[in-house]
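Here the structure is laid out as structure tokens; the discussion comes afterwards.
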Amino acid sequence: MATGKRVQGGTSTSKLVQSAHIGDNAELFRRIMELHVPVHSRVADVTYGKGVFWKLIQPGTYELWASDIELAIKEQDMFVRYRDAVDCRELPYEDDSLDCVVLDPPYMEGFFRRSQTHRAGSGTHAAFRDAYADGRTYQADEGAPKWHDAVTDLYLRAGLEARRVLKPGGKLIVKTQDEVSANKQRLTHVEIITGYEDMGFYCKDLFVLVRSNAPAVSRLLEQVHARKNHSYFLVFELWKSRAKRPRSVRWSPERADPPSLERGADSAAAVDDSPKPKVAKPRKKVSKKRAKKATAKKKATAKKKATTKEVTAKKVTAKKKAAAKNKATAKNKATAKKKAAAKKKTAAKKKATAKKKR
Ligand SMILES: C[S@@+](CC[C@H](N)C(=O)[O-])C[C@H]1O[C@@H](n2cnc3c(N)ncnc32)[C@H](O)[C@@H]1O
């Protein structure tokens, strides 16, 4: 596994894992695993489907736990531990027990539609549906979010569950694709990144996968958005501590408090809370002339201050000198007075002695 660290004197190589890739899931997934997940790690692919992601990875490289709401495997691999009918939002694993979770749920709202005729993947989209999902559709729960919100809801709830089962520092590898839903551009990968960052994940890497096959021909009156021919693999790391975790800048007036990073916090806490963004105050634009004037003013003020300080210091010194002089004069006077008194006393004494003698 590549360490990803540039070492002084390291061997130069052009065989680096790159962020954009033309081809299929299996090849890019193999490279991502090589780069980010050490061999023998305990990995749970919680939307294993047909196991396409694992086609190019040597069996036994990882301790692989494969689950899905409905596994679609044709034959079992002796190295893989399979579990069918497992919802990725409620995993049968202990807290802090896995090194890596792989998540690839249906990522087009069309797969969640109730009416068969309105579901994605019918008619000309059939090939697309087969290439980008497993070709099936899913019944949204009663009262659950609809359309595109059903897609993000599943990602967010599965992300919270991954956070529970991952060890600190563990990896969450997520496959997704943006979509246009109800004629609106929905950047699913951005929603997932910000949502997961709020949960305590750090988005360590992002890969773009470009389809190598040509997109299907569509009958459109007018094209409004670019036809998507790319999807994403996002690599998240469960941050080990609160300190210095990098996160995207975001702003929302409703979100006052920082999100709870406590493990096991409910989804609402994870989704509704957000950090107070640290946004630098914009600097006022100042014209050159005004800036010059301001500098001159500052200099003048500083000079005035310095002069005032100097004058004050001189005054203080003079005052001190005068006080010292006064003190010395007073001392001299006292000494003279004392001397005169002593002299007077001596003279009086002498006079008295002479009188006695007489
Ligand atoms: C895009 S496919 C995954 C393909 C898979 N990565 C592969 O390599 O074959 C989406 C998968 O998500 C599964 N799925 C849908 N909802 C799920 C849920 N709530 N929990 C677990 N799996 C779910 C589907 O059964 C399907 O296999």
Side-chain angles (χ1 to χ4, degrees), residues 21 23-33 37 43-57 59 62 64-77 80-93 98 100-114 119-121 125-162 164-165 171-179 188-189 192 207 209 211 228 230-235 267:
H21 180 90
D24 59 26
N25 284 316
E27 177 54 28
L28 180 55
F29 183 72
R30 182 182 66 77
R31 292 185 193 195
I32 294 170
M33 290 298 282
V37 186
V43 183
D45 184 338
V46 298
T47 46
Y48 187 81
K50 298 175 188 162
V52 175
F53 282 3
W54 299 90
K55 270 195 327 200
L56 299 178
I57 293 179
Y62 299 98
L64 177 58
W65 295 77
S67 65
D68 197 289
I69 203 96
E70 202 182 334
L71 278 172
I73 43 167
K74 289 202 177 104
E75 50 191 61
Q76 296 208 350
D77 186 307
V80 183
R81 295 143 169 96
Y82 297 98
R83 275 179 132 143
D84 202 3
V86 173
D87 194 317
C88 57
R89 295 164 289 188
E90 213 177 332
L91 297 172
Y93 307 116
L98 299 172
C100 174
V101 169
V102 179
L103 177 68
D104 177 24
Y107 42 80
M108 284 172 70
E109 55 112 319
F111 297 120
F112 291 88
R113 288 181 191 166
R114 284 188 183 283
R119 280 177 183 170
H125 288 88
F128 180 75
R129 180 170 112 181
D130 226 41
Y132 276 90
D134 62 348
R136 284 178 284 156
T137 52
Y138 309 94
Q139 203 72 40
D141 296 335
E142 207 61 57
K146 291 191 174 67
W147 317 118
H148 178 71
D149 292 342
V151 176
T152 45
D153 186 72
L154 182 51
Y155 271 106
L156 291 177
R157 285 176 196 284
L160 285 166
E161 187 61 345
R164 181 185 68 77
V165 298
K171 303 284 178 353
L172 170 57
I173 299 177
V174 180
K175 177 79 197 294
T176 194
Q177 190 183 355
D178 301 333
E179 67 172 341
T188 317
H189 79 286
I192 293 172
F207 297 87
L209 179 63
R211 287 171 70 180
K228 297 194 192 319
H230 71 285
S231 54
Y232 301 89
F233 275 98
L234 308 172
V235 180
S267 60

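When a ligand or atom number is given, it counts from 1 through the structure's own listing order.
The closest approach between any non-hydrogen atom of A72 and ligand 1 is not below 4.0 Å. Ligand 1 lies less than 4.0 angstrom from a heavy atom belonging to V86. For the ligand labelled ligand 1, residue Y48 lies inside the 4.0 Å heavy-atom shell.
Within the 4.0 Å heavy-atom criterion, neither part of K175 lies near ligand 1. Of the heavy atoms in V102, none comes closer than 4.0 Å to ligand 1.
Listed by number with element, the atoms of ligand 1 under 4.0 Å from a non-hydrogen atom of P106 are 10 (C), 12 (O), 15 (C). Of all the atoms in ligand 1, the ones that sit under 4.0 Å from a non-hydrogen atom of C88 are 18 (C), 19 (N), 20 (N), 21 (C). In the vicinity of V46, heavy-atom distances shorter than 4.0 Å reach the ligand 1 atoms 21 (C), 22 (N). Per-residue contacts place D87 under 4.0 angstrom from the following atoms of ligand 1 (heavy atoms of the residue considered): 18 (C), 19 (N), 20 (N).
When only interatomic distances are considered, the shortest N/O to N/O separation between P105 and ligand 1 does not fall below 3.5 Å. For D104, a nitrogen or oxygen atom sits less than 3.5 Å from a nitrogen or oxygen atom of ligand 1, counting backbone and side chain alike. The N/O atoms of L154, backbone and side chain alike, include none that comes under 3.5 Å of an N/O atom in ligand 1. Looking at ligand 1, you'll find an N or O of F53 within less than 3.5 Å of one of its N or O atoms.
Residue I69 holds the heavy atom nearest to atom 23 (C) of ligand 1 of all those in T176, L71, I69. Proximity annotation for atom 8 (O) of ligand 1: of I73, V52, D68, V52 comes nearest, heavy atoms only.
The shortest side-chain heavy-atom distance between D68 and V86 does not fall under the 4.5 Å cut-off. Looking at heavy atoms from C-beta onward, P106 lies in side-chain contact with L154 at the 4.5 angstrom threshold.
Between the side chains of E179 and H148, at least one donor N or O lies within less than 3.5 Å of an accepting N or O.
Here the side chain of T47 pairs a donor or acceptor atom with the backbone of D104 at under 3.5 angstrom. The main-chain N or O of L160 is never found under 3.5 Å from a side-chain atom of R89 such that the two would form a donor-acceptor pair. Formation of a donor-acceptor pair under 3.5 Å by the R31 side chain with backbone atoms of A26 is not found in this model.
A distance of 6.0 Å or more separates the ring centres of Y48 and W65. No close placement of the F207 and F233 rings is indicated, their centers lying 6.0 Å or farther apart.
Distance check: C100 SG to Y62 OH gives 8.0 Å after rounding to the nearest 0.5 Å. To the nearest 0.5 angstrom, W54 atom CH2 is 11.0 Å from D77 atom CG.
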